[in-house]
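Here the structure is a predicted model, which means the values were calculated and not measured. Heavy-atom basis, side chains included; hydrogens, waters and symmetry copies ignored. Protein chains get the first letters and strands the later ones, always in sequence-line order, with residue 1 at the start of each.
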Number of protein chains: 2
Amino acid sequence: MLYAGFMSAALPPFPQPQEPVDKPHLLEVGSAPDEPCLRADAARNRARLLEAAARLIAEHGAAGVTMEAVAAEAGVGKGTVFRRFGDRTGLLTALLDHSAKKLQADFLGGPPPLGPGAPPVERLRAFGIAVLYRSAEQLDLQLAAQPEPTRRYSHPSARALHTHVTMLLRQTLPDADCDLLAQTLMAYLDPALINHLTRQCGMSMERLEKGWLDLVDRVTRTGV
Amino acid sequence: MLYAGFMSAALPPFPQPQEPVDKPHLLEVGSAPDEPCLRADAARNRARLLEAAARLIAEHGAAGVTMEAVAAEAGVGKGTVFRRFGDRTGLLTALLDHSAKKLQADFLGGPPPLGPGAPPVERLRAFGIAVLYRSAEQLDLQLAAQPEPTRRYSHPSARALHTHVTMLLRQTLPDADCDLLAQTLMAYLDPALINHLTRQCGMSMERLEKGWLDLVDRVTRTGV
DNA sequence: TAACGATCCGGACCGAGGTCCGGTTACGTT
DNA sequence: AACGTAACCGGACCTCGGTCCGGATCGTTA
């Protein structure tokens, strides 16, 4: 099983034709009981689609899989795919949802140094390493799931990570513009960059890791 | 006139069907006299296409212009557009070529603090500000011209900037992994990020500017 | 200037993402 | 159990980026 999170939330009363429907519900830790829950057939199809996508991607690579093929493999109409996941990015993102939620759980409530309990800078270091390796594992999928430039940073998952880094930074550098610094740190962990450095420049993961630790040091080094 | 650089280089002897043809010739400072020069009609059409594209983009925005429309506006076949510029990204990049070359000339041979003559850190500061404002001016075009994640960092223009930053860093931090640090600094100047921060988060350019100066300080701050 | 070959042109063609809407199905209600 | 409606399904359809190749052009050589 590569996927998870089969429940999803529907939009407000209005079934306005062709809208996402499958918002990434990260960070919704026990809030509003707002889960209309899919109709039985819809849920079944959703599951089938994720399975089918995972199968095809394992076989042909994320880049070589067409939406129509996924629909066919799932024994479902093309419209159903788009109704459920909005667009290609949405489907791919849903496949990453499991590991995304796990990561989030780890740094929100897991054991130190990733989770609470360790000093902020320590957590920051661990965070980077964790993200680095997670991205490396699923590079192809991460790349294929990357939305167009306009949406890249507004994506809920990206914002969650960014928010966390900002918080850690603020605990260390109360007077700095942590929002911007966090953005910079996150940029270092961008899958596209990791891809470039490892596959096109031939750098080793160890080097990237060292680079992260060094970067964190430099950024958090308080005044001269 | 928004465009420039009407000359272009053709590929080796073999006219292998459907290949770029219009490589961005940045960094070719007076090297090989390797410029077969386009045939008259080809050059004429290239110019027409750039004009047409600039017109349409000014009118409908970079995102709302189709390749076919550009071809039509230029009174040319669709195939001609792709033969000349390879793909959509290629055409958009060509439109940015003028300002790209100007920027490059400025920091390679212009007056300090951008050009040689000022201390490296000073040049780095000026460089970031310059790139920041250049991107802000042509945000839409820069966004639309951004290639897919896999090619983003390998693009010649990006590499040129990166190389320069690396050099400046190495003059300041001879013992650091300047390649990686440069990548981080460049990431701060990514058009997609600037777009997000200014238009989606509502930050001011002044804040971004301060952020850059601060970042450069932190990164170049030599050991405790 | 006539003829020839390399280069280029154009628009029909293809594949893939995304949309639409008539028909179908699930589920609460009576 | 029959019914009504909201939600869902499917696949035809559209658009747009990108490809292909027969035919037209340019520039050169004789």
Side-chain angles (χ1 to χ4, degrees), chain A residues 8-22 35-49 53 56 60 62-92 144-145 147-148 151, chain B residues 8-22 36-49 52-53 56 60 62-93 144-148 151:
Chain A
S8 76
L11 291 179
F14 301 62
Q16 61 261 75
Q18 222 66 349
E19 275 306 306
V21 157
D22 212 61
E35 283 247 4
C37 199
L38 293 180
R39 228 171 66 174
D41 51 350
R44 179 176 48 81
N45 282 341
R46 187 187 135 89
R48 281 188 187 170
L49 282 169
L56 290 181
H60 304 111
V65 172
T66 146
M67 297 301 272
E68 205 153 10
V70 173
E73 172 85 8
V76 142
K78 195 180 178 183
T80 303
V81 190
F82 287 97
R83 151 164 287 269
R84 191 58 49 204
F85 298 101
D87 58 9
R88 185 185 170 81
T89 292
L91 172 61
L92 266 9
E148 30 148 36
R151 292 193 297 161
Chain B
S8 76
L11 293 178
F14 301 63
Q16 62 261 71
Q18 220 67 347
E19 276 306 305
V21 157
D22 214 61
C37 198
L38 293 179
R39 229 171 66 173
D41 50 350
R44 179 175 48 80
N45 283 340
R46 186 185 136 88
R48 281 188 187 171
L49 282 168
L56 289 182
H60 303 112
V65 173
T66 99
M67 298 303 269
E68 204 152 12
V70 173
E73 172 85 8
V76 144
K78 195 182 179 182
T80 304
V81 190
F82 287 96
R83 151 162 285 271
R84 191 56 51 204
F85 298 101
D87 58 8
R88 186 185 169 81
T89 292
L91 173 60
L92 266 10
T93 301
Q146 197 141 79
E148 29 149 36
R151 292 192 297 157

In whole angstrom, give the distance that lies between atom CZ of B:Arg83 and atom P of C:dT7.
10 Å
Scanning both residues in full, the closest heavy-atom pair of B:Arg88 with B:Phe82 reads N-CE2, 4.5 Å
For A:Ala69, what residues pass the side-chain contact (heavy atoms from CB on, under 4.5 Å) criterion, not counting sequence neighbours?
A:Leu56, A:Thr66
Got a list of protein N/O to nucleotides 1-4 of chain C N/O distances below 3.5 Å?
none

Reading nucleotides 24-30 of chain D from 5' to 3' and marking B where a protein heavy atom lies under 4.0 Å of the base, S where only the sugar-phosphate is that close, and - otherwise, the string is -BSS---
What heavy-atom pair brings B:Leu91 and B:Phe85 nearest, and what distance separates the two atoms?
N-CB, 3.6 Å
Minimal non-hydrogen separation, B:Ala145 against B:Leu92, with atom names
CB-CB, 3.6 Å
Using the side chain to side chain donor-acceptor pair (under 3.5 Å) criterion, which residues pair with B:Arg44? Sequence neighbours excluded.
none
Short side-chain N/O contact to D:dC9 OP1/OP2 from A:Arg84, under 4.0 Å
yes
Nearest-Å distance for atom pair CD/C1', residues B:Glu148 and D:dG18
13 Å
Under 3.5 Å donor-acceptor pairs involving side-chain atoms of residues 74-81 of chain A, not counting sequence neighbours:
none

For nucleotides 11-16 of chain C, just jot down a letter per nucleotide in 5' to 3' order: B, S or -, based on protein non-hydrogen atoms under 4.0 Å.
B-----
Nearest 0.5 Å please: distance from the CG atom of B:Asp41 over to the CZ atom of B:Arg48.
10.0 Å
Neighbour count >12 (heavy atoms, 6.0 Å) for atom CD, A:Glu148:
yes
Verify side-chain contact (heavy atoms from CB on, under 4.5 Å) between A:Arg46 and A:Leu38, making sure each step is shown before the conclusion.
CA-CA 9 Å; A:Arg46 187 187 135 89; A:Leu38 293 180; 4.0 Å; yes
What is the minimum heavy-atom distance between A:Asp87 and A:Arg151, and which atoms define it?
OD2-NH2, 3.1 Å
Nearest-nucleotide 5' precedence on DNA chain D, A:Asn45 against B:Asp87
A:Asn45
